[in-house]
There are 2 protein chains.
Amino acid sequence: MREKAIQRLTEYGFRPSLQRIAIVEYLFTHSTHPVVDTIFNELSSSIPTLSKTTVYNTLKMLAEKGAILQLNIENNVTRYDGDIKPHAHFKCNQCGKIIDLEIQGEMKNLSIKEIEKYKIFEQYYIIKGLCPFCQEK
Amino acid sequence: MREKAIQRLTEYGFRPSLQRIAIVEYLFTHSTHPVVDTIFNELSSSIPTLSKTTVYNTLKMLAEKGAILQLNIENNVTRYDGDIKPHAHFKCNQCGKIIDLEIQGEMKNLSIKEIEKYKIFEQYYIIKGLCPFCQEK
DNA sequence: TCTTTTTTTGTAATGATTACAATTTTGTTT
DNA sequence: AAACAAAATTGTAATCATTACAAAAAAAGA
């Protein structure tokens, strides 16, 4: 997993520093759409000098170039995802849980007018509503 | 447009108060994905007693029930959209502009596994990258 | 009209994110 | 290797959108 993290970093033109590798590796091993605070807390034990600013900056930087996905599902927290294949996220308005929904077939088949003129770094689909469990109040 | 706003409100079980009508009507007449501040400022002249909290609360409430769309494209501002047909938004990482991208064909054709178990209130597609203009640096 | 409920309002607090300058680390050149 | 330059990291302080809360106003019901 560490190797994969290094590969992702270099592939997108980032130097694979200790901190960056740890952050990307964390995303690869936790498909939980973690927030900055969680990532920071989890990594602090292995990298005691780690600064939260570094986590913020690194994630932002990586997302801007498309090396990871920045998910703005709620309006108060930013979540991150190491899986950059286009996919969908369901947010339950009741219990707040965020569920990955698998998309069958190619999401790229969405025929968007003149999409070839745009250079795409990130893309994702957001669905909000009530999850099966919360529907039975 | 005022009538359409009232209709949208009652349709989703909200009482059509002066403030609510104005807010929804603003969204209907401005497909610019406005932020709370803009809406508040624009409406203040016609409703001098309007409170920003009302704008916040109203928009949040309406979005939670699917009467309008809450767009969390950037991680620092929430935008709103009166158009609740599923559609896509492109955010240019360079110039920051948000562009509506028309989707041809039914977005609902996205075959998501077990989607019928979920009750959907809001859904939208987000694409980030470089717009045609910014690509020529 | 009186009472109850709903909506709106204003201020104060919260908390995630960023700005910034200093420090450390890494890479390069002589 | 030492010295220098560039890049990355760190910590603190500031910013600012959003929410909490309680009071006031408006609307609905009796």
Side-chain angles (χ1 to χ4, degrees), chain A residues 5-6 8-10 12-26 33-65 67-68 70-80 91 93 96 98 128, chain B residues 5-6 9-10 12-26 33-65 67-68 70-80 91 93 96 98:
Chain A
I6 295 176
R8 174 74 60 92
L9 284 165
T10 49
Y12 282 83
F14 295 102
R15 291 221 289 238
S17 72
L18 182 74
Q19 292 86 342
R20 288 174 183 173
I21 294 170
I23 290 169
V24 174
E25 193 180 359
Y26 184 89
H33 322 99
V35 299
V36 167
D37 241 65
T38 308
I39 300 174
F40 171 73
N41 289 330
E42 299 276 314
L43 295 181
S44 278
S45 46
S46 54
I47 310 175
T49 63
L50 184 65
S51 162
K52 200 178 278 187
T53 302
T54 301
V55 182
Y56 270 109
N57 291 342
T58 303
L59 290 168
K60 189 182 182 183
M61 224 178 41
L62 295 176
E64 268 170 6
K65 295 297 181 213
I68 60 173
Q70 184 185 71
L71 298 173
N72 298 111
I73 301 174
E74 296 127 308
N75 63 3
N76 49 344
V77 237
T78 304
R79 297 178 174 279
Y80 291 92
K91 153 92 189 288
N93 283 350
I98 290 165
K128 298 185 190 178
Chain B
I6 294 176
L9 284 165
T10 50
Y12 281 83
F14 295 102
R15 291 223 286 241
S17 73
L18 181 76
Q19 291 85 344
R20 289 174 183 171
I21 295 171
I23 290 169
V24 173
E25 192 179 1
Y26 183 89
H33 320 101
V35 300
V36 167
D37 241 65
T38 308
I39 300 174
F40 172 73
N41 288 331
E42 299 275 315
L43 295 181
S44 277
S45 45
S46 53
I47 310 176
T49 63
L50 185 65
S51 163
K52 200 179 277 187
T53 302
T54 300
V55 182
Y56 269 108
N57 291 342
T58 302
L59 291 167
K60 189 182 181 182
M61 223 177 43
L62 295 176
E64 267 169 8
K65 296 297 180 214
I68 60 173
Q70 184 185 68
L71 298 173
N72 299 111
I73 301 174
E74 296 128 307
N75 62 4
N76 48 345
V77 237
T78 304
R79 297 179 174 279
Y80 290 92
K91 154 90 190 289
N93 283 350
I98 290 165

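A, B, ... follow the sequence lines: proteins, then strands. Residue 1 opens every chain. Worth knowing before you read on, the calculation uses all heavy atoms, side chains too, and leaves out hydrogens, waters and symmetry mates. All of these numbers come straight from a predicted model, not from anything done at the bench.
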Smallest heavy-atom separation, A:Phe14 atom then A:Ala67 atom, equals CE1-CB, 4.4 Å
Taken to the nearest whole Å, CD/A:Glu74 to P/D:dT18 is 14 Å
Check whether A:Thr54 reaches the backbone of A:Leu50 with its side chain - one donor and one acceptor, N or O, closer than 3.5 Å. no
A:Arg20 CZ to C:dT25 C1', in whole Å, measures 12 Å
Check your understanding: Under 3.5 Å, is there a donor-acceptor pair between the side chain of B:Thr58 and the main chain of B:Val55?
Key -> no
Smallest heavy-atom separation, A:Gln70 atom then A:Ala63 atom, equals CB-CB, 3.7 Å
Atom CG of B:Leu59 and atom P of D:dT18 are separated, to the nearest Å, by 10 Å
Taken to the nearest whole Å, CZ/A:Phe14 to P/D:dA8 is 9 Å
At less than 4.0 Å, is any side-chain N or O atom of B:Arg15 found next to OP1 or OP2 of C:dT6? Yes or no.
no
**Report entry** Lys/Arg-Asp/Glu bridge criterion (N-O < 4.0 Å) met for B:Glu64, A:Lys128
**Finding:** no
A:Ile21 atom CD1 is separated from C:dT26 atom P, nearest whole Å, by 11 Å
Reading nucleotides 9-17 of chain C from 5' to 3' and marking B where a protein heavy atom lies under 4.0 Å of the base, S where only the sugar-phosphate is that close, and - otherwise, the string is BBB----SB
Sorted by chain and number, sequence neighbours left out, side chain to side chain donor-acceptor pair (under 3.5 Å) with A:Arg20 holds for none
